[in-house]
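Per chain, numbering begins at 1; letters A, B, ... match sequence-line order. As a basis for the values below, the full set of heavy atoms in this structure was taken, side chains included, without hydrogen atoms, waters or symmetry mates.
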Amino acid sequence: MENYKPQGIEKKWQKIWERRKTFQVNLKKAKKPYYNLMMFPYPSAEGLHVGNVYAFTGSDIYGRFRKMQGYDVFEPIGFDAFGIHSENFAIQKKIHPKVLIQKNVNNFRRQLKNLGCLFDWRYEVDTTKPNYYTWTQWLFLQLFKSGLAYRKKAPVDWCPSCKTVLADEQVIDGKCERCDTNVIQKELEQWFFKITKYAERLLKNLDWINWSERTKVAQKNWIGRSEGAQIEFKIQNSKFKIPVFTTRPDTLFGCTYLIISPEHRLIENLKLKIKNWDEVQKYIKESKKKTESERTELIKEKTGVELKRIKAVNPANQEEIPVFVADYVLVSYGTGAIMAVPGHDQRDFDFAKKYNLLIVEVISPDGKEHILTESYTGEGILINSGKFNGIESEKAKLEITKFVKAKKAVNYHLRDWLISRQRYWGPPIPIIYCKKCGIVPASEKDLPIELPHVKNFRPAGAGKSPLASVPNFVKTKCPKCKGPGQRETDVSDTFLDSSWYFFRYPSANLKNSPFDKKLTEKWLPVDMYIGGQEHAVLHLLYTRFMTMVLKDLSHINFEEPFKKFRAHGLLTKEGTKMSKSKGNVVNPDDYYKKYGADTLRMYLMFLGPFSEGGDWQDRGIMGTYRFLNKVWNLRSKVNYGLSIKNKELDRLIHKTIKKVTEDIENLKYNTAISALMILANELEKEEKISSEYYSLFLILLAPFAPHITEELWQKLGHKESISLEKWPEPRPELLKEEKITLIIQVNGKVRDKIEVSADISKEKARDLAVSQKKIKNWVEGKEIKKVIFVPNKLINIVI
RNA sequence: GCCCGGGUGUUGGAACUGGUAGACAAAAUUGACUUAAAAUCAAUUGGGAUUUAUUCCCGUGAGGGUUCGAGUCCCUCCCCGGGCACCA
């Protein structure tokens with residue numbers, strides 16, 4: 001008999017699938033549409049990372065499973081090929097991104113085809129193609145026209161190495177997400193999307209969407225809703241007021257000073273009144289110079305300067321209190337000013353100690369007064385709070401808010417999405433600046449605003465995109481007055497490209513609109529989306545925002561993009577993260593060659609639970625290779641005439657059907673594979689296997705190892721692809737065990753096991769148990785206090 | 001500091017709503033086949049004790065608790081991974 005040679009078989013079937021159009025879906029006619037989506041890769045390296053292969057395999061198994069269950073599965077793929085990742089790779093390689101990224105894409109495509117997924121390549125999407133980014137720009141225009149895109153001079157995070165601004169989400173520990181450089185603050189005119197307007201909706205919908213719990217929690221924390229009150233403090237002898245946001249209005253009587261952030265507008269307004277203006281001015285300058293990470297490194301050491309001669313009034317007790325400027329108060333959160341309650345906030349406590357300010361205890365856990373050595377931030381009973389003394393802090397929140405005539409207020413951690421980038425490799429933002437008309441959106445019929453070829457595509461710095469150095473591009477006519485105008489030279493954030501790509505797939509080849517409404521509403525929301533947990537707050541939040549916007553603009557009739565989302569885990573190599581710098585990245589090509597895609601797919605899925613990730617160890621891959629070999633060799637035992645029923649095997653096969661079905665539904669591929677291995681081991685023990693058993697086995701294996709199962713299926717005499725077979729259902733009557741192993745425990749410890757019939761009664765089991773020799777030794781001469789009987793499992797005798 | 005995960009043999013990992021801990025693999029050792037190696041097949045592998053084929057004790061990060069019975073539930077603590085972080 002011939003040996004298992006994966007390479008030839010895999011190539012053969014990939015060609016057949018293509019020729020027979022096995023995986024092509026008729027989007028218009030499909031009766032049971034099922035949109036199975038995986039996060040598309042960014043080709044910012046020469047080839048696929050085994051981590052990509054891991055993700056795609058997991059998603060593809062799910063898609064193949066649904067297909068065999070009778071759904072019309074649409075499983076598209078594409079490339080997120082714009083963006084800084086790709087551009088930086090081009091800079092490093094000193095090759096123009098237009099050339100290099102296309103080459104990468106080609107290699108990615110070849111590798112993806114080797115993996116044997118259900119991809120329908122007719123609907124491939126590439127974000128760098130004008131027929132895609134036309135619509136990315138169109139989206140920008142829709143947001144602009146509805147007031148959701150705006151331009152604003154703002155202090156933004158700037159990466160001096162990437163020479164561009166970063167979105168709030170792209171700054172990690174005060175460092176650039178990509179290159180680890182310390183981010184600095186710059187005042188620049190930038191484009192923003194008003195995602196904050198959707199904060200409440202983005203939060204609320206989390207209650208009902210079927211997503212991984214972890215991802216939902218991450219989004220919830222990122223949106224960061226907090227409830228409290230906005231309280232106004234009058235400034236003595238002036239018309240000004242300082243509003244502050246607090247979650248603890250119950251501590252208002254303990255507020256002994258105010259702090260405003262260095263960027264607060266009021267400082268300018270009060271300039272003439274501040275006695276120590278020079279000192280204040282100096283402090284503000286110093287703090288602006290600090291980078292974000294310097295500010296956070298100095299977390300313990302709080303600094304500030306009092307605004308001398310300025311006094312505010314605590315509205316609760318009319319006390320005069322000093323006002324400080326300090327950079328631990330952020331301008332971008334709340335009102336940019338806080339009421340300091342040193343007794344009940346540790347930061348305020350530290351500050352008060354340092355500058356010798358009054359600390360008053362107003363919340364007491366036991367109603368008594370204490371000498372505070374640190375702040376008390378818990379709940380308690382009010383003291384030193386005038387007529388509110390004695391009431392509970394939770395209740396006092398509302399009452400004090402009312403008492404000082406303040407408003408209830410809600411604040412979010414979420415900031416508006418900064419979408420402009422001073423880089424080359426992205427879609428130009430379709431805006432024109434006209435001296436007469438101001439900021440004018442490009443006309444929709446002029447789209448795409450094509451990205452010009454720029455020889456020197458490196459970022460120039462100084463806050464300008466390389467596009468600014470192309471006069472032909474910059475000079476244009478104002479679409480409104482036809483006078484001279486200048487184009488916006490910034491490009492948009494890559495996350496904008498990826499925020500809507502799943503809308504484009506079904507309409508990938510559509511010419512005059514971003515997507516077909518009818519087709520979109522037939523196939524979307526996406527039925528199953530699988531991707532990395534690392535996108536929990538960036539990509540996944542933006543897609544939700546964009547979907548809501550499109551709904552509000554009546555382009556679609558749903559507002560959440562993904563019915564079901566499941567995050568997969570991280571693939572590590574011998575315990576550590578794979579990364580280029582560590583040089584431990586596994587290249588799938590080596591394994592395709594050596595063992596074939598089926599073995600690779602199965603090994604990756606066998607490593608551990610898909611949602612938790614797993615650890616790649618080179619030596620382990622032999623296990624799944626041996627398994628597939630075993631499956632291959634089992635064919636020699638298949639006997640076509642054989643129809644003798646084997647009850648034990650029947651049961652095992654139906655148990656396996658049940659287990660594999662449930663496990664795939666829950667993405668527990670590792671245990672599904674283990675169940676298939678157990679079945680294969682049992683089949684191997686048989687001298688002859690009926691073709692019915694073998695067929696069922698192949699069908700169960702097909703989503704995991706599509707090529708070898710096709711080949712063996714064909715060898716069994718079938719003409720059609722195994723992927724068109726119907727997924728089997730377990731027959732309950734065959735699942736029933738006739739005999740079971742009954743565990744006999746004495747005082748909860750296992751002392752014996754016996755074979756009994758499955759429907760044995762408690763009394764019978766008990767009599768049988770105590771008559772066992774081993775059990776006699778334990779119970780003889782002792783009084784049996786209790787007998788616990790768990791049908792089909794165990795009997796426990798308590799003495 | 002806060003919020004999520006997680007801690008089980010030599011390793012990756014199993015274990016349903018509390019009911020046989022270590023499935024399935026990997027690795028190692030021994031044996032068979034072979035001139036030899038690889039491959040393949042068979043056996044063994046948590047620790048300890050023992051009357052050494054037959055039974056007991058201990059064992060799921062640590063300690064305590066609930067229960068007839070705990071890897072699983074509760075409390076306290078330790079460690080690892082990830083996310084957020086001067087957010088008022």
- Item | First of Gly613(A) and Val790(A) reached from the 5' end of RNA chain B, by closest nucleotide | Gly613(A)
- What integer number of Å spans the P atoms of G46(B) and A38(B)? 25 Å
- Message: What does the 5'-to-3' dot-bracket notation of RNA chain B look like when only Watson-Crick and G-U wobble pairs under 3.5 Å count, and pairs to other strands show as |?
- Response: (((((((..(((......[....)))((((((.......))))))((((.....))))..(((((..]....))))))))))))....
- Quick one: the side chain of Gln745(A) and the base of G19(B), do they pair up donor-acceptor inside 3.5 Å? yes
- Message: At a heavy-atom distance below 4.0 Å, what parts of residues 667-682 of chain A sit against RNA chain B?
- Response: Asn670(A), Thr671(A), Ser674(A), Met677(A), Ile678(A), Asn681(A)
- Query: Which part of the nucleic acid does Ser332(A) contact within heavy-atom distance under 4.0 Å: base, sugar-phosphate only, or nothing?
  - Reply: nothing
- Spacing of the C1' atoms in U76(B) and U29(B) (rounded, Å): 44 Å
- Query: To the nearest Å, how far apart are Trp222(A) CH2 and C84(B) P?
  - Reply: 6 Å
- Message: Counting primed atoms plus P, OP1 and OP2 as sugar-phosphate and everything else as base, spell out the protein contacts along nucleotides 41-57 of chain B at 4.0 Å heavy-atom distance: B, S or - for each nucleotide, 5' to 3'.
- Response: --------------SSS
- Just one of Trp616(A), Tyr595(A), Tyr625(A) clears the ring-ring contact (aromatic ring centres under 6.0 Å, His included) bar with Tyr603(A), so which one? Trp616(A)
- Is the shortest distance from a Lys or Arg side-chain nitrogen in Arg651(A) or Glu648(A) to a carboxylate oxygen in the other one below 4.0 Å? yes
- Message: Please check this pair: side chain of Asn796(A) against backbone of Ile788(A), looking for a donor-acceptor N/O pair closer than 3.5 Å.
- Response: no
- Query: Between Ser261(A) and Tyr333(A), do the side chains contain an N or O donor and an N or O acceptor separated by less than 3.5 Å?
  - Reply: no
Protein-nucleotides 1-7 of chain B N/O pairs closer than 3.5 Å?
residue: C3(B); atom: O2'; partner: Asn221(A); partner atom: ND2; Å: 3.4

Listed pairs under 3.5 Å, donor-acceptor, residues 246-258 of chain A side chains, sequence neighbours left out:
residue: Thr246(A); atom: OG1; partner: Arg248(A); partner atom: N; Å: 2.9
residue: Arg248(A); atom: NE; partner: Asp250(A); partner atom: OD1; Å: 3.1
residue: Arg248(A); atom: NE; partner: Asp250(A); partner atom: OD2; Å: 3.2
residue: Arg248(A); atom: NH1; partner: Thr377(A); partner atom: O; Å: 3.1
residue: Arg248(A); atom: NH2; partner: Asp250(A); partner atom: OD2; Å: 2.9
residue: Arg248(A); atom: NH2; partner: Gly378(A); partner atom: O; Å: 3.4
residue: Thr251(A); atom: OG1; partner: Arg248(A); partner atom: O; Å: 2.8
residue: Thr256(A); atom: OG1; partner: Leu358(A); partner atom: O; Å: 2.8
residue: Tyr257(A); atom: OH; partner: Asp348(A); partner atom: O; Å: 2.9

- Task: Would you check if there is a donor-acceptor pair between the side chains of Thr196(A) and Arg415(A) at a distance under 3.5 Å?
- Result: no
- Query: Just checking, is any N or O donor in the side chain of Asn210(A) or Arg566(A) under 3.5 Å from an acceptor N or O on the other one?
  - Reply: yes
- Message: Checking Lys659(A) now: which residues fulfil salt bridge (Lys or Arg N to Asp or Glu O under 4.0 Å) with it, not counting sequence neighbours?
- Response: Asp663(A)
- Message: I want to confirm an ordering. Mapping Ile621(A) and Gly614(A) to their closest nucleotides on RNA chain B, which one lands closer to the 5' end?
- Response: Gly614(A)
- Item | Proximity to the side chain of Ser226(A) - top-ranked nucleotide from A88(B), C68(B), C16(B) | A88(B)
Distance-only check: which donor-acceptor pairs under 3.5 Å involve side-chain atoms of residues 743-758 of chain A, not counting sequence neighbours?
residue: Asn747(A); atom: OD1; partner: Ile799(A); partner atom: N; Å: 3.0
residue: Glu755(A); atom: OE2; partner: Thr741(A); partner atom: OG1; Å: 3.3
residue: Ser757(A); atom: OG; partner: Asp759(A); partner atom: OD1; Å: 3.2

- Message: Distance check, C1' atoms only: U72(B) and C16(B), in whole angstrom units.
- Response: 11 Å
- Query: Glu662(A): what forms a salt bridge (Lys or Arg N to Asp or Glu O under 4.0 Å) with it, not counting sequence neighbours?
  - Reply: Lys658(A)
- Could you tell me whether the phosphate oxygens of C68(B), OP1 or OP2, come under 4.0 Å of any side-chain nitrogen or oxygen in Lys786(A)? yes
- Message: Please list, in numerical order, the residues of residues 598-611 of chain A that have a heavy atom closer than 4.0 Å to any atom of RNA chain B.
- Response: Phe606(A), Leu607(A), Pro609(A)
- Message: Can you check the distance between A27(B) and A36(B), where both ends of the measurement are the P atom (answer in whole Å)?
- Response: 23 Å
- Message: Between Lys637(A) and Glu684(A), does any NZ, NE, NH1 or NH2 come within less than 4.0 Å of an OD or OE carboxylate oxygen?
- Response: no
- Item | Syn/anti label of G9(B) as read from its glycosidic torsion, with the cut at 90° from 0 | syn
- Rounding to the closest angstrom, what is the interatomic distance between C77(B) and C3(B) at atom P? 13 Å
- Message: Output the rounded distance in Å from CD1 (Ile260(A)) to P (C86(B)).
- Response: 20 Å
- Aromatic Trp211(A) / basic Arg544(A) pairing, under 6.0 angstrom, 45° off normal: yes
- Message: Applying side chain to side chain contact (heavy atoms under 4.5 Å, CB included) to Ile338(A) and Phe245(A), what does each step give before you reach the verdict?
- Response: CA-CA 6 Å; Ile338(A) 63 160; Phe245(A) 171 71; over 6 Å; no
- For nucleotides U60(B) and G71(B), find the distance between their P atoms and express it as a whole number of Å. 7 Å
- Message: Taking the P atom in each of C41(B) and A26(B), what is the distance between them to the nearest angstrom?
- Response: 10 Å
- Task: Have a look at Gln617(A) and say if it touches a base, only the backbone sugar-phosphate, or nothing, with a 4.0 Å heavy-atom cut-off.
- Result: sugar-phosphate
- salt bridge (Lys or Arg N to Asp or Glu O under 4.0 Å) filter on Glu361(A), not counting sequence neighbours, yields none
- Task: Among the candidates A88(B), C86(B), U11(B), find the nucleotide nearest to the side-chain atoms of Val329(A).
- Result: A88(B)
- Atom CH2 of Trp616(A) and atom P of A25(B): how far apart are they, to the nearest Å? 19 Å
- Query: What ring pair (Phe, Tyr, Trp, His ring centres under 6.0 Å) pairs are there with at least one residue in residues 664-686 of chain A, not counting sequence neighbours?
  - Reply: Phe610(A)-Tyr669(A)
- Task: Determine the Euclidean distance between corresponding P atoms of G12(B) and A21(B); express it in Å to zero decimal places.
- Result: 23 Å
- Message: Distance check needed: U67(B) P versus Ile788(A) CD1, whole Å only.
- Response: 12 Å
- What residues, two or more places apart in sequence or in another chain, satisfy salt bridge (Lys or Arg N to Asp or Glu O under 4.0 Å) together with Lys397(A)? Glu394(A)
- What's the CG-P distance between Asp615(A) and A14(B), to the nearest Å? 13 Å
- Item | Tyr376(A) and His344(A) aromatic ring geometry - parallel, tilted or perpendicular at 30°/60° bounds | perpendicular
- Task: Examine distances only and state if a side-chain atom of Glu232(A) and a backbone atom of Lys241(A) form a donor-acceptor pair shorter than 3.5 Å.
- Result: no
- Rounded to whole angstroms, how far apart are NZ on Lys354(A) and C1' on C86(B)? 14 Å
- Query: Which whole-number value in Å describes the distance from Tyr595(A) OH to A39(B) C1'?
  - Reply: 12 Å
- Specify the separation, in whole Å, of atom CG of Asn3(A) and atom P of A39(B). 15 Å
